[in-house]
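Residue numbering restarts at 1 for every chain, and letters A, B, ... go by the order of the sequence lines. Side chains are part of it too, since the values below use all heavy atoms of this structure and drop only hydrogens, waters and symmetry mates.
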Amino acid sequence: MEISELSLAKVLRCGQTFRWKNINNVWSFAIQDRIVLLKQDDQRIQYSHIMLENSPLKSQKIQDQETFKFVQDYFNLSINLKDLYTHWTEQHLIHRKGKNSNSPFQAFTGIRILRQDPWETLISFICSSNNNVKRISKMCDNLCLEYGEYINEYEGMKFYSFPAPESLTEDNVELRLRELGFGYRAKYIHQTACKLQDNKDLSVEKLNDLRNQDYQTSHEFLLQLTGVGPKVADCICLMALDKHDVVPVDTHVYQIAVRDYKFKGKGDLKSMTKVIYGAIRLYFKDVFGEYAGWAQSVLFAADLSDLNNGVNISEVESTIKEESTKVKGSKRTIKIEDKVKTEIEVKTEELLEIKTEDELIISENGRTKRIRSESIKLPVSKKIKVEC
DNA sequence: TTTCGACCTCTTAA
DNA sequence: ATTAAGAGGTCGA
């Protein structure tokens, strides 16, 4: 498995999934009957697992096969990324606005859309409204800890499965979730769980079957659930229901369309009307084709300066003085004093913050940002030019 | 049928 | 330190 086909560090941290943990360079994730463990180096990805405590006996060989099957399915490994990237790069060159920007598809390889469990994706993205990745992750963890089943332990950390729908239908769930910091989403989750329980028209079985239905049907089905609007519904369509061409639109994606591509924005930027939403979604589908949703996830990642929230940096050239190097957890602060012009390559799993007195010019992927007196976080595997 | 404020909490910026 | 804005939206008037 080439790293250009799948980069775990990017895929598992780009806001698709919220439960993977990185412990000593090993990725871990609890599913129904085991903890799945993955480790990636330059050549390959190794997989293993820790079975559910007191689980029924199976031969090691069967277990390994099952884990492999999960990985293959979860990461959509039957889909070849290289060919898609080639196509997107061509389309990018045709439709981009301006000529001086490098292709994000060159700089951000190995990003793919996962094929996640529909129920978990549904609940996760209900949590995502008006929210950030860090907090969403925390909420998902709390949900598992409170309502999931204990699976086993790895490196001193206890792992719990994602809770079944039935476990979120009791009356006290909303109150408890509020105590756990879910805010107004507590009601959404409880109501959605209840709807899928009671209603004949809505069930988890039908939710899962949306993989066999078309986009329109799936989208409308999801909109019936509390806390699910057009954006969240499209995230579920793309990331769990095999609707690879769907681009979930938000203001950020809108910005990319107008700034980097030749999308003509109608009306003001602030109001995301139904019409604009649909227009943007179709525009990206027009440009990138059948796997537009996949392409968009690369653009989004490329545009996000804090893609790898916590996974980072660094080798800093001598021109940067490590005047104040404070180690706080995994954070390191480096002050840049002199006028410098240097290149930083992100290599290790550390978070680097660069603080400047003066204005700092950051160029990455041909895109230039000016930053003053603030810190930036640099994503892994990326070269960034810094001028000051 | 569209628009617009309110909504929980946490993080980051000033 | 203390405060305000914003976070990959959704609901309901």
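Sorted by first then second residue, the ring pair (Phe, Tyr, Trp, His ring centres under 6.0 Å) pairs that include residues 188-210 of chain A, not counting sequence neighbours, are A:Tyr184-A:Tyr188. Within the structure, salt bridge (charged side-chain N to carboxylate O under 4.0 Å, His left out) contacts touching residues 164-176 of chain A (residues at least two apart or in different chains) are A:Glu146-A:Arg176, A:Glu174-A:Arg178, A:Arg176-A:Glu179. Screening residues 49-59 of chain A for salt bridge (charged side-chain N to carboxylate O under 4.0 Å, His left out) gives A:Lys58-A:Glu66 as the qualifying pairs, with residues at least two apart or on separate chains.
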Contacts table for residues 285-300 of chain A: side-chain donor-acceptor under 3.5 angstrom, sequence neighbours left out:
{"from": "A:Lys285", "atom 1": "NZ", "to": "A:Asp245", "atom 2": "OD2", "distance (Å)": "2.9"}
{"from": "A:Trp294", "atom 1": "NE1", "to": "A:His244", "atom 2": "ND1", "distance (Å)": "2.9"}
{"from": "A:Ser297", "atom 1": "OG", "to": "A:Trp294", "atom 2": "O", "distance (Å)": "2.7"}

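Partners of A:Lys187 according to the salt bridge (charged side-chain N to carboxylate O under 4.0 Å, His left out) rule, which considers only residues two or more places apart in sequence or in another chain, do not exist here. Legend: residues meeting side-chain hydrogen bond (donor to acceptor under 3.5 Å, both in side chains) with A:Arg44, ordered by chain and number and at least two apart, are absent. For the side-chain hydrogen bond (donor to acceptor under 3.5 Å, both in side chains) test, no residue two or more places apart in sequence or in another chain qualifies with A:Glu149. Take A:Lys158 and apply the side-chain hydrogen bond (donor to acceptor under 3.5 Å, both in side chains) test, not counting sequence neighbours, and it matches A:Glu153.
Residues A:Tyr215 make up the rest of the hydrophobic cluster containing A:Val246, defined by ILVMFWY side-chain heavy atoms closer than 4.5 Å, directly or through other members.
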Encoded 5' to 3' (Watson-Crick or G-U under 3.5 Å; [ ] crossing; | other strand), DNA chain C becomes .||||||.|||||
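Between B:dC10 and C:dC11, the distance separating the two P atoms is 23 Å to the nearest Å.
When DNA chain C is scanned in the 5' to 3' direction for atoms under 4.0 Å from non-hydrogen atoms of chain A, the outermost contacting nucleotides are C:dA7 to C:dC11.
Of the residues in residues 174-183 of chain A, those with a non-hydrogen atom less than 4.0 angstrom from any atom of DNA chain B are A:Arg178, A:Gly181, A:Gly183.
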